[in-house]
2 protein chains.
Amino acid sequence: MTALNTDIFKTIDAERRGTTSEEVVSQLREMIHRGELRPGDRLPPERDLAKMLGVSRPTLRAGIRSLAAVGVLQSRQGAGTFVVKSDGPPALDSSPLRLMASLHGFTSAEMFEARQSLEMAVAGLAAERATGDQMATMSEEITGMFTSLDDPEQFLVHDMRFHQTVAAASGNRILTSLMNMVATILFDVRSKTVKRARDLKESAEMHRHIYRAIREHDPEAARAAMREHLVRAQRAQEQEAAEDAARDGANGNGR
Amino acid sequence: MTALNTDIFKTIDAERRGTTSEEVVSQLREMIHRGELRPGDRLPPERDLAKMLGVSRPTLRAGIRSLAAVGVLQSRQGAGTFVVKSDGPPALDSSPLRLMASLHGFTSAEMFEARQSLEMAVAGLAAERATGDQMATMSEEITGMFTSLDDPEQFLVHDMRFHQTVAAASGNRILTSLMNMVATILFDVRSKTVKRARDLKESAEMHRHIYRAIREHDPEAARAAMREHLVRAQRAQEQEAAEDAARDGANGNGR
DNA sequence: CTCTTACAATTGGTCTGACCTCTAGGGTCA
DNA sequence: TGACCCTAGAGGTCAGACCAATTGTAAGAG
């Protein structure tokens, strides 16, 4: 029993030559590792590839399906199967996290806290490394926020883009991906309540504080400003959600 | 084109009633969301479930396959398909991140930095919230490290468990999962070079510093101690890797 | 000559039905 | 009562066919 704690470190990895379709996944992974398949590449047609690997088409499809589920491959009917080519930062699919949240009953507060930790980390790094271009983009998004104070949905777009830019400025694509994973889920919730958003001006000001700290290359200030911003954002979102719940309860019209 | 930046926020979600198998994934997800399927539950046999959902067995299998790939379901030949039951903290599969790393050429340094940010965050939270039990476990693992200074592989086990305990003590399962995702990958690399590990005593001492800070409920000190520990760990690991490379180069025996 | 349109080959998506392999639980025999 | 074996049922794989979407090309109109 003492070894059980290390179980989560097990990998689905290569040498688990269990089922045939797992073998296919391994083969494809190896091809990617070896660089034979690069982002944007198109895989051979399923019928050919199946013959190459010596498996049947359904089995090959099962393997492709697995890799597609984790966001590595993407199939388009009539066109082919492609290695995912991400223009911007590499994106990890957030649905696994979403499922896990349902399965284990994660609270919104827990999700917010995770986001806060990640955003503070990237803000700190961004303060150390942001380039002029990136800071210019941040500034533009803040301007966008101020010009859409009366359009919450538009405001939210600028909000998101600002945070993305900060993440990009951190120079760490892994943290950026993880942050997006979490932020995506919170965004989905947010977009349902955002119509009732208030205090957008305050929010815009908070973003300016973050921006200034990054501009001054002051990591600690950037972290602090980001923390403050997210604490308030959480409070605001919870309030919006509560109002929605109250209204639905009064009208008796769920969903 | 201006809307392109928001693309990563798109979800594979529900309403994308595109292909039939995606529909199946949605259906299964809904069942989980609604709580009809709980961790540890067994799904109906594929043939029955396919009939229920009104799809063919291959299509259903494709959906199951997708969910299995992200770690939500698990199929065992002859037994059935089960909703994953995690004993400890919920685990996110690290293979997507691993693939992404290969695909985009993530450096080991970037990975280390991400881990450092995450570990610092959880250490800070752990300092605020660790229970007596958790601190006792940490202490025991440190003892374990000191008693296995001459057995690097055993030392590594205690090392991992210590970090897991800290993560658990953070009380945030999301951060814990993300941290494990990253740590798993670094661990795989590490386990290949660990035989040559030195300075284990210093490493054990560093863990003690972290432990003390957590015991004193001093988040800043915990963060600082964790940072210091990981910086040194990275340096050590890079050195081990370099030695391995040099040795392989001298002997001319790759792999 | 260029642009548009329609066709046809290519490719992934789905289905039917069959067979194999492994697991689990029950029945049998010592 | 216990250990062993056997069978029903589960997922895994295969084969072949057809459907649907895409794409490139070739024919026709301007």
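Residue numbers start from 1 in every chain, and the chains themselves are labelled A, B, ... in the order their sequence lines are given, proteins ahead of strands. Only heavy atoms go into these numbers, but all of them, side chains included; no hydrogens, no water, no symmetry mates.
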Nearest whole Å is fine: how far is [N] [atom2] from [X] [atom1]?
| X | N | atom1 | atom2 | answer |
| --- | --- | --- | --- | --- |
| B:Q74 | D:dG12 | CD | P | 11 Å |
| B:E46 | C:dT23 | CD | P | 16 Å |
| A:F82 | C:dG12 | CZ | P | 8 Å |
| A:E22 | D:dG11 | CD | C1' | 13 Å |
| A:K51 | C:dT11 | NZ | P | 12 Å |
| B:L73 | D:dG12 | CG | P | 11 Å |
| B:L49 | D:dA10 | CG | P | 12 Å |
| A:L67 | C:dG12 | CG | C1' | 16 Å |

Does the pair [X]/[Y] count as a salt bridge with the N-to-O cut at 4.0 Å?
| X | Y | answer |
| --- | --- | --- |
| B:K85 | B:D41 | no |
| A:R129 | B:E113 | yes |
| A:R190 | A:E240 | yes |

Does [X] make a side-chain N or O approach to OP1 or OP2 of [N] shorter than 4.0 Å?
| X | N | value |
| --- | --- | --- |
| A:T81 | C:dT11 | no |
| A:R65 | C:dG12 | no |
| A:T19 | D:dG11 | no |
| B:R61 | D:dG12 | yes |

Worksheet item: Going by atom types alone, do A:T137 and A:E140 pair a side-chain donor with an acceptor below 3.5 Å?
Response: no
Worksheet entry | B:S75 and B:T81 side chains, donor-acceptor separation under 3.5 Å |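 Yes, a side-chain donor-acceptor pair sits under 3.5 Å.
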Discussion item. One character per nucleotide, please: for nucleotides 14-23 of chain D, 5' to 3', B when the base has a protein heavy atom closer than 4.0 Å, S when only the sugar-phosphate does, - otherwise.
Written reply: BS-BB-BBBS
Fill in: Minimum side-chain heavy-atom gap B:F106-A:I174 below 4.5 Å
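SC-SC contact between B:F106 and A:I174 confirmed.
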Worksheet item: Heavy-atom distance under 4.5 Å between the side chains of A:V24 and A:Q27, does that happen here?
Response: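 No, their side chains stay 4.5 Å or more apart.
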Discussion item. Please pick, from C:dT14, D:dG11, D:dA10, the nucleotide with the shortest atom-to-atom distance to any side-chain atom of B:R42.
Written reply: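 Looking only at heavy atoms from C-beta outward on B:R42, the closest nucleotide is D:dA10.
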